[in-house]
Amino acid sequence: MGRLHTEEMILNMGPQHPSTHGVLRLKLITDGEIVSHVEPVIGYLHRSFEKHAENLEYQMVSPFVDRADYIAAMNNGHAYAIAVEKMLGIELPPRVEYIRVIMAEFQRIASHLIAVGTFGLDVGGITPFIYCMRERELILDLFEMASGARLLYNYIWIGGLAHDLPAGWVEKAYEFLDEFDFHVEEYNRILTTNKIFIERTADVGVLPVEVAINYGVTGPNLRGSGIPFDVRKNQPYSFYDRFEWKVPVGEGAMGSVGDSWDRYMVRIEEMLESAKIIRQALDQLPAEGDVKAAIPKKIRPPKGAEIYSRYENPRGELGFYIRSDGTNIPTRVKMRSPAFSNISALNEISQGWMMSDVITILGSLDIVLGEIDR
C-alpha cells in the first residue's frame, strides 16, 4: 500500500482578517492544519513617527505620540513627557504626578479591557467583548471630561497637564472603582472559568522564560511566563513607589506556566491592581496645585544631552531614546515598541499548532499595529 505524500502550503492570514487586527499579515506555512512556520508581515500602518518627531519641536511631538499606541494614548504621552523632563531636570508639582498616575492606570484598565474582550472574540465568545466595552466606555467618559477627547487626548504635556480635573471628576472616578471589582467577577464567570475558553487557551502557545527573554518580550506576556518584572516596581518613576500593589504573574493554574490562559489572566489581575493604585492616588491627591506651573516656555536641552527613559505601558516596556543638538528640535528620537518585540516571538510559540490556535496565540499577545509600525 503506497504512502500518502503531503506538501507544505503557504497561506496568507490577513491583513483583512479580523483576528489579525486589520493591518497585519501572517504568512503561514502549513502541513494540512498544522502550522510549521509563521512570518508576521508588518508595515501596513507605517507612519514614520520617529523621523516625523525629528522635524518638530519637542512639545509638538506629544500629540503624535498618542497615535502610536492609540489604545494607550495616555500612557504614551506620559512616557514621552517623562523622557523630556528628565533631560530638562524638571520637577513637577505633586498634584500633576498624582493625576498622571490616575490617568495612566485608568488607561491601563481600558487597554486591558480591549485585550480581554477581543481575546474572547478570537476564541468565539461575543458576550465578554460587550461587557468589557461597557466598562471601557465609562473610562472614556472620564477621559472626555478631563481632556475633551475619547481616543487621542494630548492631555499629558511636558512639564504638566493640558487641563486640571473638572468639578465632579474625582467623584465619578470613585463611582467607577466601587463597581469595577464586581464587573471583573462577571468576566471571570463568563470567560475565565468557561470550559470551552480554558480548552482553547490552556497549554496553548506556551512561552518559556528563556524564549521570552531572548526575544525581548516584556509586560503581561513576560509576567505570564512567571517573571515578576514591571518597570513600575523595578525602576519606579512618577509616584509609583508611594502605592501598595503587587505584580501578577502566570502560575500555570489551568495548564503550563506561560500559556495563553496565563497571559490572559495576568491582564485580568492587573486591572484589579490598577484599580487599587487609582484609589490610593485619589485618596492622596492634593487639593491644591497649578498643573501648568512647571511647563517650560522654551524647550532646549543642552547640546549632546541624551536620555533613554523606560516606562511600563499596557503592552510592556515602552522606551524613548532622545538626543539633543541644543536646538528646540530633537536630533534623534527612537521609540522602543513593546508590541514589536512581543510579536517577534509569535513564530517560536506557534509552531506545531493548528491554524485556529495561531489566532488564539496572536490574541493572547495583545499587539497594537500603530505602535509596531511606528
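Fair warning: this is a prediction, and the values are worked out from it, not measured in the lab. Worth knowing before you read on, the calculation uses all heavy atoms, side chains too, and leaves out hydrogens, waters and symmetry mates. Residue numbers start at 1 and run along the sequence shown.
- With hydrophobic clusters built from ILVMFWY side chains whose heavy atoms lie under 4.5 angstrom apart, Ile139 shares a cluster with Val170.
- The backbone N or O of Asn154 lies less than 3.5 Å from a partner atom in the side chain of Asp66, making a donor-acceptor pair.
- The main-chain N or O of Val333 is found under 3.5 Å from a side-chain atom of Glu54 such that the two form a donor-acceptor pair.
- Of the N and O atoms on the side chains of Ser36 and Asp31, not one donor lies less than 3.5 Å from an acceptor on the other residue.
- No chain of hydrophobic side-chain contacts below 4.5 Å, direct or via other Ile, Leu, Val, Met, Phe, Trp or Tyr residues, connects Ile42 to Ile29.
- Here CG of Asp181 is found 10.5 Å from CE of Met271. Values are rounded to the nearest 0.5 Å.
- Using modelled atom types, one side-chain atom of Lys233 and one backbone atom of Trp245 make a donor-acceptor pair closer than 3.5 Å.
- To the nearest 0.5 Å, atom CD1 of residue Ile109 and atom CD of residue Glu273 are 10.5 Å apart.
- The closest donor-acceptor contact from the side chain of Arg263 to the backbone of Gly258 lies under 3.5 Å.
- Glu270 contributes no side-chain N or O that, together with a main-chain N or O of Val266, makes up a donor-acceptor pair within less than 3.5 Å.
- With sequence neighbours left out, Phe239 forms a ring pair (Phe, Tyr, Trp, His ring centres under 6.0 Å) with Tyr98.
- A donor atom on one side chain and an acceptor atom on the other are found under 3.5 Å apart for His183 and Arg134.
- Nearest heavy atoms, Leu113 versus Met133: O-CE, 4.1 Å.
- Under the rule for a side-chain hydrogen bond (donor to acceptor under 3.5 Å, both in side chains), Asn234 has no partner lying at least two apart in sequence or in another chain.
- Outside the 6.0 Å centre-distance limit, the rings of Phe106 and Phe180 are not counted as a close aromatic pair.
- With sequence neighbours left out, the ring pair (Phe, Tyr, Trp, His ring centres under 6.0 Å) criterion links His52 to Phe64.
- Cluster membership check: Met335 does not share its hydrophobic cluster with Tyr321, using side-chain heavy-atom separations under 4.5 Å among Ile, Leu, Val, Met, Phe, Trp and Tyr.
- Using the six-membered ring where Trp is involved, Tyr240 and Phe243 have ring planes that are perpendicular, over 60° apart on the 30 and 60° scheme.
- In this structure, Ser364 contributes its side chain and Ile361 its backbone to a donor-acceptor pair below 3.5 Å.
- Nearest heavy-atom pair, Ser324 versus Gly326, reported as atom, atom and distance to 0.1 Å: OG-N, 2.9 Å.
- The shortest heavy-atom contact between Arg374 and Lys334 is NH2-NZ, 3.4 Å.
- Within 6.0 Å of atom CD in Glu251, 12 or fewer heavy atoms from other residues, nucleotides or ligands are found, so the atom counts as exposed in its surroundings.
- With values rounded to the nearest 0.5 angstrom, Met265 atom CE is found 8.0 Å from Met254 atom CE.
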Ignoring hydrogens and angles, write down the donor-acceptor pairs under 3.5 Å from the side chains of residues 341-348, residues two or more places apart or on other chains.
{"from": "Ser341", "atom 1": "OG", "to": "Arg336", "atom 2": "NH2", "distance (Å)": "3.4"}
{"from": "Asn342", "atom 1": "OD1", "to": "Thr218", "atom 2": "N", "distance (Å)": "3.2"}
{"from": "Asn342", "atom 1": "ND2", "to": "Arg315", "atom 2": "O", "distance (Å)": "3.0"}
{"from": "Asn342", "atom 1": "ND2", "to": "Pro338", "atom 2": "O", "distance (Å)": "3.3"}
{"from": "Ser344", "atom 1": "OG", "to": "Ser341", "atom 2": "O", "distance (Å)": "2.4"}
{"from": "Asn347", "atom 1": "OD1", "to": "His37", "atom 2": "ND1", "distance (Å)": "3.3"}
{"from": "Asn347", "atom 1": "OD1", "to": "Val38", "atom 2": "N", "distance (Å)": "2.8"}
{"from": "Asn347", "atom 1": "OD1", "to": "Gln351", "atom 2": "NE2", "distance (Å)": "3.3"}
{"from": "Glu348", "atom 1": "OE1", "to": "Tyr215", "atom 2": "OH", "distance (Å)": "2.9"}

Residue pair Asp164, Arg95: steps toward the salt bridge (charged side-chain N to carboxylate O under 4.0 Å, His left out) verdict: CA-CA 9 Å; Asp164 204 342; Arg95 182 171 174 84; 2.9 Å; yes
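- Counting heavy atoms from C-beta on, the side chains of Val41 and Leu26 never come closer than 4.5 Å.
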Return a table of donor-acceptor pairs under 3.5 angstrom between the side chains of residues 70-93 and protein atoms on other chains or two or more places apart.
{"from": "Asn75", "atom 1": "ND2", "to": "Ala104", "atom 2": "O", "distance (Å)": "3.1"}
{"from": "Asn75", "atom 1": "ND2", "to": "Tyr311", "atom 2": "OH", "distance (Å)": "3.3"}
{"from": "Asn76", "atom 1": "ND2", "to": "Val65", "atom 2": "O", "distance (Å)": "3.2"}
{"from": "His78", "atom 1": "ND1", "to": "Tyr311", "atom 2": "OH", "distance (Å)": "2.9"}
{"from": "Tyr80", "atom 1": "OH", "to": "Tyr58", "atom 2": "O", "distance (Å)": "2.7"}
{"from": "Glu85", "atom 1": "OE1", "to": "Arg100", "atom 2": "NH1", "distance (Å)": "3.0"}
{"from": "Glu85", "atom 1": "OE2", "to": "Arg100", "atom 2": "NH1", "distance (Å)": "3.2"}
{"from": "Glu85", "atom 1": "OE2", "to": "Arg100", "atom 2": "NH2", "distance (Å)": "2.7"}
{"from": "Glu85", "atom 1": "OE2", "to": "Gly159", "atom 2": "N", "distance (Å)": "2.7"}
{"from": "Lys86", "atom 1": "NZ", "to": "Ser309", "atom 2": "OG", "distance (Å)": "3.4"}

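- Lys297 is linked by a salt bridge (Lys or Arg N to Asp or Glu O under 4.0 Å) to nothing, counting only residues two or more places apart in sequence or in another chain.
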I'd like to know whether Tyr155 forms a ring pair (Phe, Tyr, Trp, His ring centres under 6.0 Å) with Phe143, so could you lay out the CA-CA distance, the side-chain angles of the two residues, the decisive distance to 0.1 Å, and finally the verdict. CA-CA 9 Å; Tyr155 182 72; Phe143 287 163; 8.3 Å; no
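- Under the 3.5 Å distance criterion, the side-chain polar atoms of Thr331 are left unmatched by any main-chain donor or acceptor of Asp325.
- Note on Glu199 versus Lys195: salt bridge recorded, some NZ/NE/NH1/NH2 to OD/OE distance being below 4.0 Å.
- Across Gly224 and Val257, no two heavy atoms sit closer than the pair O-CG1, 4.0 Å.
- To the nearest 0.5 angstrom, Ile114 atom CD1 is 9.5 Å from Cys132 atom SG.
- With rounding to the nearest 0.5 Å, the separation of CG in Asp230 from NZ in Lys246 is 12.0 Å.
- Side chain of Asp241 to backbone of Tyr237: no donor-acceptor contact under 3.5 angstrom is found.
- To the nearest 0.5 Å, atom CG of residue Leu282 and atom CH2 of residue Trp169 are 6.5 Å apart.
- The side chain to side chain donor-acceptor pair (under 3.5 Å) test with Tyr264 singles out one residue from Thr201, Thr192, Thr360, Asp366, and that residue is Thr192.
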Stepwise side-chain contact (heavy atoms from CB on, under 4.5 Å) check, Leu140 with Glu135: CA-CA 9 Å; Leu140 297 191; Glu135 273 66 73; over 6 Å; no
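- What you find for Arg310 and Tyr308 is that their closest heavy atoms are CG-CE2, 3.4 Å.
- Two different hydrophobic clusters hold Ile34 and Met355 under the rule that ILVMFWY side chains link at heavy-atom gaps under 4.5 Å.
- Salt bridge Glu312/Arg232: absent, no basic N to carboxylate O contact under 4.0 Å.
- Put simply, the side chain of Asp259 never gets that close to the backbone of Gly205: no donor and acceptor are under 3.5 Å apart.
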Please lay out, stage by stage, how Glu371 and Asn313 fare under the test side-chain hydrogen bond (donor to acceptor under 3.5 Å, both in side chains). CA-CA 11 Å; Glu371 180 185 284; Asn313 93 341; 3.3 Å; yes
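- Following chains of ILVMFWY side-chain contacts shorter than 4.5 Å, one cannot reach Val206 starting from Leu222, and the two form parts of different hydrophobic clusters.
- More than 12 heavy atoms of other residues, nucleotides or ligands sit less than 6.0 Å from atom CD of Glu171.
- Between the Asn194 side chain and the Phe197 main chain, a donor and an acceptor come within less than 3.5 Å of each other.
- Using a 4.0 Å cut-off between charged nitrogen and carboxylate oxygen, Glu306 and Arg332 do not count as a salt-bridge pair.
- Considering all non-hydrogen atoms of both residues, Glu97 and Ser238 come closest at OE1-OG, 2.7 Å.
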